[in-house]
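Accompanying notes for the structure given below.
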Amino acid sequence: MKHPIKLEYYLAALIVITLLNTFLGEKFSSTTLVSILIAITVTYKGFIVIDHFMELKGANKNLRFLMRLYFVIFPSLIIVSAFY
Amino acid sequence: MNSHPIKNSLGIFPKSWSEEHAGRIPGNIPIWVGILSELTEFGIFFAAYFIAKFYYPDTFTQGPQSLHTSLGVTNTIVLLSSSYFMAKAMSFIRVNNKIKCERYLWLALSCGVLYLIIKTWEFHWNTLQGFSANTNEFFTVYYYMTFNHFIHVGWASCAILWVIFRLRRGAYSSTEHSGLEALAVYWHMIDLMWILIFPLLYVLR
């Protein structure tokens, strides 16, 4: 299985999202909207690594489900914690 | 991709969980038992974070502002890059290009070592600022999570060295590389944990 450009594209996306999250955290005091945005992007980053770096997309569906579930549960808690 | 579709499945799981029905297991079953155990361990850390944040919201608002954010961002980029290098190493062993596979493993290892150096520097910087695990609840959780993650990166880096040694001895090929793949999925799991740790400790206020 070859990854000609795809992996580079995903790496760039992950780095851009990381920098964007940091910018949001630094420039805006933790509003609920910022927390929701960060939680969504964390889920997205997790899904990219699980599917394309870990290569669970197209592999064992139970393992993929468990890994993706993890990246739904904990980012959801970020959103919940925004309402503390 | 491994050529043998069905491996020994320990015989303790329902048939619907088998590789035949659910799909191929990257690496091997023991590494996934390890990964799921580690996910549980980190899950407890994350639960501890959210419980502590509930009881001490002000401490957790101030905490991230005391940390060296640039070092946290740099380490995130370093770990993401290491995952990329590991995925590239996997893609090259599948076409039996062992030279490029080894090159990317060295790059992944370099990222692991760089992460450890940066993290050590960050711990030292914290000490210079007067922060320790006893400073407040935020720093207790911070050291609890990051030092544990630090140890994981440390021993996984040693595992990369072992895999490079095995690769040089001819243990892996395009048809048999389950050991290398087991390391790769473990390394990605460590990266995934940092993807969660970073916003919790450095970004969210």
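Reckoned from all heavy atoms, side chains included, excluding hydrogens, waters and symmetry mates. So that the names make sense, note that chain A is the first sequence line, chain B the second, and so on, each numbered from 1.
Both the backbone and the side chain of B:M189 come within less than 4.5 Å of a heavy atom in chain A. Interface residue A:L66: only side-chain heavy atoms are found under 4.5 Å from chain B. Heavy atoms closer than 4.5 Å to chain A are found in both the backbone and the side chain of B:F42. For A:L63, the part sitting under 4.5 Å from any heavy atom of chain B is the side chain, from C-beta outward, and nothing else. Only the side chain of B:F198 has a heavy atom closer than 4.5 Å to any heavy atom of chain A.
Within 6.0 Å of CD1 on B:I99 lie no more than 12 heavy atoms contributed by other residues, nucleotides or ligands. Within a 6.0 Å radius of CH2 in B:W121, no more than 12 heavy atoms belonging to other residues, nucleotides or ligands are found.
Side-chain contact annotation: B:T40 with B:E38, donor-acceptor N/O pair under 3.5 Å absent.
Taking the six-membered ring for Trp and thresholds of 30 and 60 degrees, B:F150 and B:F147 have nearly parallel ring planes, at less than 30 degrees apart.
B:T69 meets the side-chain contact (heavy atoms from CB on, under 4.5 Å) test with A:T22, A:E26, B:V73, B:R205; sequence neighbours excluded.
Contact annotation: the side chain of B:H149 approaches that of B:Y115 to within less than 4.5 Å [non-hydrogen atoms, C-beta and beyond].
Listed by sequence position, the residues of residues 102-112 of chain B in contact with chain A number zero, using a 4.5 angstrom heavy-atom cutoff.
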Verdict with reasoning, B:N75 to B:E122, per side-chain hydrogen bond (donor to acceptor under 3.5 Å, both in side chains)
CA-CA 10 Å; B:N75 257 346; B:E122 186 182 333; 4.6 Å; no
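Of the candidates B:F45, B:F46, B:Y49, B:F46 is the only one forming a ring-ring contact (aromatic ring centres under 6.0 Å, His included) with A:F74.
The cationic group of B:K119 lies under 6.0 Å from the six-membered ring centre of B:F123 and within 45° of the ring axis, placing it in a cation-pi geometry.
When each of A:K45, A:K61, A:M54 is scored by its heavy-atom pairs under 4.5 Å with chain B, the top score falls to A:M54. Among the candidates A:T18, A:L77, A:I38, A:I15, the residue making the largest number of heavy-atom pairs closer than 4.5 Å to chain B is A:L77. With chain B as the partner, the residue from A:L19, A:V42, A:L24, A:T43 showing the most heavy-atom pairs under 4.5 Å is A:V42. Counting heavy-atom pairs closer than 4.5 Å to chain A, the top residue among B:L200, B:I195, B:L196, B:L192 is B:L192.
In this structure, A:E55 pairs ionically with B:R94, as a charged nitrogen and a carboxylate oxygen lie closer than 4.0 Å.
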